[in-house]
Structures are given as C-alpha cells and as structure tokens.
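Data first, discussion second: the structure below is written as structure tokens.
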Amino acid sequence: MYWADELAARLSGPQVVNDSKTPSGTVHVGSLRGPVVLDAIWRALRERGLEARLLYGVDDLDPMDAQALLTPDAVERYMGVPLAHVPAPEGSGAASYARHFAGLFLATFAGLGIHPETYWMSEVYPTGAVDPYIRLALDRADRVREIYRRVANVQHPPTWHPVSVICEQCGKVGTTIVTDWDGERVRYECRPDLVTWATGCGHSGWVAPFGGRAKLPWNLEWAAQWSIFGVTIEPNGKDLATAGGSRDRSDAISREIFEREPPINLPYEFLNIGGRKMSTSKGRGAAAHTMAEVLPPELLRFLFLRHRPSHAIDFDPAGETIPRLFDEFDRVAAATAGREVKGELPPDHARIFALSLLDPEADPVAEAGRFRPDFSQVAMLAQVPGADIEGRIAAEKGAPLDLAEQVILADRVRAARAWLADYAPDRARIAVRDELPAEARRGLSDEQRTYLGALAIAAGVSRPVSGDAWQDLIFRVAEEAALPAGRAFGAVYLAFLGRTNGPRAGWLLAALERTFVVERLRQAAGWAPEPEDGGSSAQPGEASA
RNA sequence: GGGCCGGUAGCUCAGCGGUCAGAGCAGGGGGCUUUUAACCCUCGUGUCCUGGGUUCGAAUCCCAGCCGGCUCACCA
C-alpha cells in the first residue's frame with residue numbers, strides 16, 4: 001500500500017494536518033517536498049472518509065535575519081524586526097516583506113494544486129489566541145528551562161523566560177530578552193549584543209506580553225500552534241527530526257507545558273542536487289518558482305511522490321534528468337490508463353499517478369489516457385524554426401488534440417525551452433554547423449557522397465520550399481540512387497549537423513537558405529571546393545529556437 | 001560527539017525472508033521506402049559496502065564496522 005494510505009489506514013476521527021514556515025526569503029525546489037507530502041496525506045485521509053483539514057501557517061512574527069536580502073541602509077533598521085513589519089522588497093506591491101515572500105510561496109503551492117487554509121501568526125497573536133500559552137510558558141518557565149537542558153542540552157540562565165517582547169522603542173523582536181515575570185507583566189531588555197546579526201536599542205521596561213506585544217520562541221510557538229489548531233499530523237523535514245532537535249523540544253514542551261500529546265510526525269528527506277544539499281546562496285539548486293517553469297506541476301508532484309518520504313531524492317536538473325522524469329511519468333500514466341508498458345513499474349504506480357494530478361477530483365484513468373508527447377521529441381521540434389509543433393504532435397496521435405492535451409503540449413513546449421536554455425546537454429541542442437563538419441568528411445561513404453550530390457542537383461531543379469517538398473525530395477532521390485532511407489538521412493544529418501540523426505530532415509533543410517543547402521550538399525559530395533578559411537559567404541543560421 | 005537516511009549493473013533506482021537478483025536510461029549489435037533523437041528485435045555472471053550472527057533459506061532480519069549525505073549541540 002502507498003505510504004500515505006498506510007498512514008491514513010491506521011487513523012480514525014477528524015484530522016488536522018499542519019505545516020508552517022518562516023517567510024524569510026525565496027525558497028528552492030526542495031522546500032516544496034513538505035507541502036506536497038502534506039497534501040498527499042490530506043488527500044489520502046479524505047479518500048478514506050476521514051474529516052481532514054490542511055493548514056499552513058506563516059511564521060511572520062519571526063525576526064528578520066537574512067541580511068543579504070536587505071539594502072545596506074535597511075540592515076541597521078530592520079534586522080531583528082518581525083518579518084511582518086519589514087517593508088517589501090523594492091518593486092513589490094506587497095504590504096510587507098513577509099507578505100511578499102509568503103505570497104510567492106503560497107502561489108507556488110496553488111500552482112501545484114495545494115490549497116491549504118493559511119494563517120498568519122502576526123494575525124493570530126492579536127486575537128489573544130496565543131495568550132493562554134504565553135501565560136503557561138511564563139508560569140512554568142523553570143520547567144521550560146529544564147526541558148531545554150534535558151532534551152537539547154541547552155543551558156539558559158535562571159532569569160531566562162520563554163517569550164520575546166517586540167521592543168516598544170525600536171520594534172525589534174530578535175534582540176530582546178525577558179528577565180522577569182510578575183504574573184501580569186514581564187521585564188525585558190533590548191540588548192545591543194544579544195545576537196550577532198542584529199543590534200538592540202538598549203531600551204528596557206515592563207510590559208504585558210499579550211495580544212501581539214510579544215511572541216513565543218520557535219519551539220514553544222510550534223507547540224502552541226498544535227494546541228490552538230488541534231493539529232494531529234505534522235510531518236517535518238529531517239533537519240528538525242534529529243534527537244535533541246526542534247521536534248524533540250517541541251514535543252516535550254507540548255506534553256509537559258501545554259499538556260497535550262504532540263501530533264504524529266513523519267520526517268521526510270530532502271531533495272539534493274548532485275548528492276549535496278540544495279543551497280540557493282551557494283549556487284546549488286533552483287528557486288522553487290524557477291523550477292516550476294521547467295517542470296509542469298504534475299511532474300513536480302510526481303518527482304516527490306514517486307519515492308517514500310524517507311528516501312532522499314537526488315535531483316540534478318542538468319543532463320538527462322528532466323527528460324527521464326517526463327518519460328517515467330508517461331510510462332506510469334500509460335500503465336494507469338491500462339496500456340501495456342515495457343519493463344517494471346514502481347510500486348503503487350496508479351496511486352502515484354492519481355496523487356500527482358492537480359485536481360483531487362479528477363478521474364485518474366481518464367487523465368492517464370490523454371496523449372502525452374515525448375519530451376525529447378518536443379524539445380527537438382521546439383528547435384526547428386517554423387515547425388508546426390501541434391500539427392506534428394496531432395499527426396503522431398492520429399487525431400486533433402483535445403483541450404487538455406493542448407495544455408499538456410503547451411506545458412511541455414515551455415518546459416523544453418527552459419530545459420534547453422538552462423540545463424540540456426550540448427548533444428540535445430541542434431545546431432547547423434557553419435562549415436562542413438569533420439564528421440561528414442570522415443564518415444560519409446562513397447554512395448552517400450554520390451547521393452548528396454544527386455540531391456543537390458535535384459534541389460537545384462525542383463527548388464523545394466516547404467518541409468514536405470524537401471522531405472519528398474530526400475526520399476525520391478534516395479530511391480533513385482537505390483540508397484536505403486536510413487543511410488540517406490544519415491548522410492544529410494552528417495553534412496549539416498555532424499551527427500547521424502536529427503530532427504525531421506525535410507523541415508530542417510526548409511528552414512535554411514536554399515543556396516546554402518545546395519552549396520553544403522555539393523561540398524559534402526566532394527563536388528565543390530570547401531572555403532579556404534571558413535569564410536563561407538552563405539549564412540547557415542542557427543537552427544535553434 | 002549524538003541522531004536520521006542511504007550504500008543493489010556505467011547512471012537513476014525497485015525489490016526489504018523464499019524461484020537462477022530486476023527495470024528505466026546510457027552503451028554494443030541488427031532492422032526499418034516517409035513518426036528517422038521515433039519505432040522494432042537483440043546483448044548484462046553485478047563482492048546486492050564489509051565482517052560476523054539468526055534461519056531449511058538473507059540483498060532482505062540482528063550485531064559490529066566502513067563509506068557518503070543531512071542534521072543537532074546558537075537561532076528559527
């Protein structure tokens with residue numbers, strides 16, 4: 001059974017699936033694994049007939065700590081300030097820094113068919129919903145300190161209290177420390193040297209830490225969210241799942257301070273690039289919204305859902321990774337539609353396919369049956385100038401594409417272009433050589449040379465213009481020369497591309513200037529002298545999009 | 001130092017107690033007179049990381065170790 005269904009099978013009663021994130025900047029593709037896993041669980045629960053909610057929290061009262069994303073003069077003023085109170089980057093129409101980046105992230109979810117109920121901590125605190133937990137945390141501060149010591153081996157001073165006040169003078173939350181609690185108010189200090197990444201203003205005073213004037217530290221806030229929203233399932237990345245790590249602390253705080261059993265955990269692995277962690281700042285990995293251009297949403301879901309959450313996925317967008325992902329998706333789709341498929345299929349392939357669809361209500365078999373053009377072929381067609389891509393694909397299908405199939409094709413054309421621009425290996429790129437390729441000089445047989453010469457003559461006579469006309473000519477001349485079609489095409493490709501295969505030859509030649517084509521054919525045949533120093537007068541043009 | 005995950009064909013991975021260990025891709029060979037990066041046929045003896053153990057039987061379970069990655073020990 002599929003892992004998400006296994007989880008759903010051992011549960012009963014209403015379920016609340018939750019995740020939350022600090023909107024401190026753009027995120028890379030790997031960050032999408034969490035939301036996709038959560039969504040799959042949510043769908044599995046509902047399909048099992050359980051009442052289930054999917055929540056997503058934006059921890060936008062967390063302090064700004066990403067200096068690189070601020071302008072230099074804003075660093076002093078905004079480092080340490082809650083993200084909800086930091087202005088959005090220049091050019092953004094968003095109300096705040098947090099809104100800007102959370103908005104990007106949430107839009108990416110929506111594009112993946114993930115539609116959680118969202119909540120913003122900057123809005124939750126003012127309602128007073130967190131106040132009971134702030135009070136509990138302060139009343140039981142000694143036990144909180146004991147938990148940190150026992151679970152995480154972190155020693156806080158006896159005056160340390162688990163709440164951070166938003167400084168009334170400078171507005172920073174990352175620089176304040178609470179040193180006392182009288183049952184209604186806390187005494188806090190905004191210290192210049194509390195953290196290295198932000199500078200407090202030195203203010204101190206007493207304040208009632210309720211209604212949004214203070215926030216709980218991460219581990220307590222997390223546990224408070226569980227209680228406030230009744231969370232029953234909360235998977236998290238394995239970085240948090242380590243012994244003595246965040247999850248352990250929050251679990252202990254939930255049990256011992258807030259007196260509630262923590263939600264079911266299900267740690268998930270990361271998406272690595274070339275065996276290493278993705279890191280946008282280190283130039284490894286791709287921003288989530290960038291990758292969404294290269295991979296249509298179903299493929300992105302498929303990428304994560306085809307493996308168990310505990311399996312680290314190694315994803316390197318370079319090379320053949322992306323075409324292979326499409327091929328594998330198409331194989332799984334074909335099998336789901338009931339078609340015969342070569343080779344083995346992943347376990348639960350039909351389930352994986354169904355969960356990869358954006359619309360949970362869609363009929364998986366009907367969707368699986370749609371015509372999906374081969375990615376490599378689309379990539380090739382996308383490089384032939386003037387190619388009628390949809391016409392060619394429809395011809396392959398044997399019928400016009402329906403609306404859904406047109407969307408699939410458009411997605412793939414877009415994906416192919418992005419892939420070719422950024423990731424494709426050179427051999428996937430088609431380029432007509434400026435000069436007769438050395439491969440042609442070496443690789444052409446005598447009969448192929450004769451054939452190309454004959455083709456040059458025939459082209460001079462019949463002056464073909466369209467791809468069809470060229471294609472016909474290539475075949476006709478091959479027939480007259482008694483050369484098998486495969487050898488004929490190979491000769492053409494060698495003469496222009498320096499390789500033995502390529503896009504439909506007729507359309508390729510039709511895209512080039514005829515005088516150049518004829519001249520090249522004659523050179524390849526050995527009938528015309530080659531230019532001395534590559535200074536060919538003909539302009540071959542690049543046959544790339 | 002602690003934790004988690006992984007180590008199976010060139011690459012990506014499936015298999016996780018029971019026929020001689022599998023698939024895709026890549027690669028080799030062959031075929032194809034109009035889908036020519038497609039399609040069809042064909043080719044894989046790999047220390048299943050290592051060493052012990054359990055078992056009638058282990059890639060599959062247990063123990064130890066090695067290697068790789070991530071992570072915690074500051075904050076979120």
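So you know, we letter chains A, B, ... as the sequences are listed, proteins then strands, and number each from 1. Any value given below was found using the heavy atoms of this structure, including those in side chains, with hydrogens, waters and symmetry copies removed.
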Where the side chain of [X] is defined as all heavy atoms beyond and including C-beta, which of [options] is the nearest nucleotide?
| X | options | value |
| --- | --- | --- |
| A:His156 | B:U34, B:A14, B:C75 | B:C75 |
| A:Arg249 | B:G24, B:C72, B:U34 | B:C72 |
| A:His311 | B:C13, B:A73, B:A23 | B:C13 |
| A:Arg324 | B:G24, B:U36, B:G69 | B:G24 |

Please state whether the phosphate of [N], meaning OP1 or OP2, lies under 4.0 angstrom from any side-chain nitrogen or oxygen of [X].
| X | N | value |
| --- | --- | --- |
| A:His349 | B:A14 | no |
| A:Gln471 | B:U36 | yes |
| A:Arg308 | B:G15 | yes |
| A:Arg33 | B:C70 | no |

Could you tell me the separation between the [atom1] atom of [X] and the [atom2] atom of [N], rounded to a whole number of Å?
| X | N | atom1 | atom2 | value |
| --- | --- | --- | --- | --- |
| A:Phe496 | B:U36 | CZ | P | 17 Å |
| A:Asp193 | B:C74 | CG | C1' | 15 Å |
| A:Trp470 | B:U36 | CH2 | P | 17 Å |
| A:Leu220 | B:C75 | CG | P | 12 Å |
| A:Asp248 | B:C4 | CG | P | 11 Å |
| A:Trp222 | B:C75 | CH2 | P | 16 Å |
| A:Ile313 | B:G69 | CD1 | C1' | 15 Å |
| A:Ile322 | B:G24 | CD1 | C1' | 17 Å |

With nearest nucleotides of RNA chain B determined for A:Glu328 and A:Asp62 from heavy-atom distances, which residue corresponds to the more 5′ nucleotide? A:Glu328
For A:Ser376 and A:Val195, take the nucleotide of RNA chain B holding the closest heavy atom to each; which residue's nucleotide lies nearer the 5' end?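 So the residue in question is A:Ser376.
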Look at the aromatic rings of A:Phe329 and A:Phe353 and report parallel, tilted or perpendicular, splitting at 30° and 60°.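 Tilted, since the angle between the ring planes falls between 30° and 60°.
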State yes or no: are the ring centers of A:Phe101 and A:Phe105 separated by less than 6.0 Å? no
Using a distance-only criterion (donor-acceptor N/O pair, under 3.5 Å, no hydrogens), is the base of B:A76 paired with the side chain of A:Ser246? yes
Heavy atoms under 4.0 Å, any strand shown: does [X] hit a base, just sugar-phosphate, or nothing?
| X | value |
| --- | --- |
| A:Pro217 | sugar-phosphate |
| A:Asp327 | nothing |
| A:Leu240 | base |

Quick one: does any side-chain atom of A:Asp60 pair with a main-chain N or O of A:Ala84 as donor and acceptor, under 3.5 Å?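 Checking the backbone N and O of A:Ala84 against the side chain of A:Asp60, no donor-acceptor pair under 3.5 Å is found.
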Between A:Arg149 and A:Glu146, does at least one N-O distance fall below 4.0 Å, as a salt bridge requires? no
Could you walk me through whether A:Tyr148 and A:Asn219 pass the side chain to side chain contact (heavy atoms under 4.5 Å, CB included) check? CA-CA 10 Å; A:Tyr148 269 82; A:Asn219 290 288; 3.4 Å; yes
Can you tell me the Watson-Crick or wobble partner of [N], both distances under 3.5 angstrom?
| N | result |
| --- | --- |
| B:U33 | none |
| B:A9 | none |
| B:C4 | B:G69 |

Pick the [atom1] atom in [N] and in [M], then give their distance to the nearest Å.
| N | M | atom1 | result |
| --- | --- | --- | --- |
| B:G53 | B:G68 | P | 28 Å |
| B:C11 | B:G17 | P | 27 Å |
| B:C20 | B:G46 | C1' | 14 Å |
| B:U12 | B:U71 | C1' | 25 Å |
| B:G65 | B:C13 | P | 27 Å |
| B:C67 | B:A58 | P | 28 Å |
| B:G44 | B:G28 | C1' | 11 Å |
| B:A59 | B:G6 | C1' | 14 Å |

Between A:Trp222 and A:Arg247, is there a cation-pi geometry (under 6.0 Å to ring centre, at most 45° from the normal)?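 Ring-cation test returns yes.
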Cation over ring, A:Arg99 on A:Trp120, under 6.0 Å and within 45°?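 Yes.
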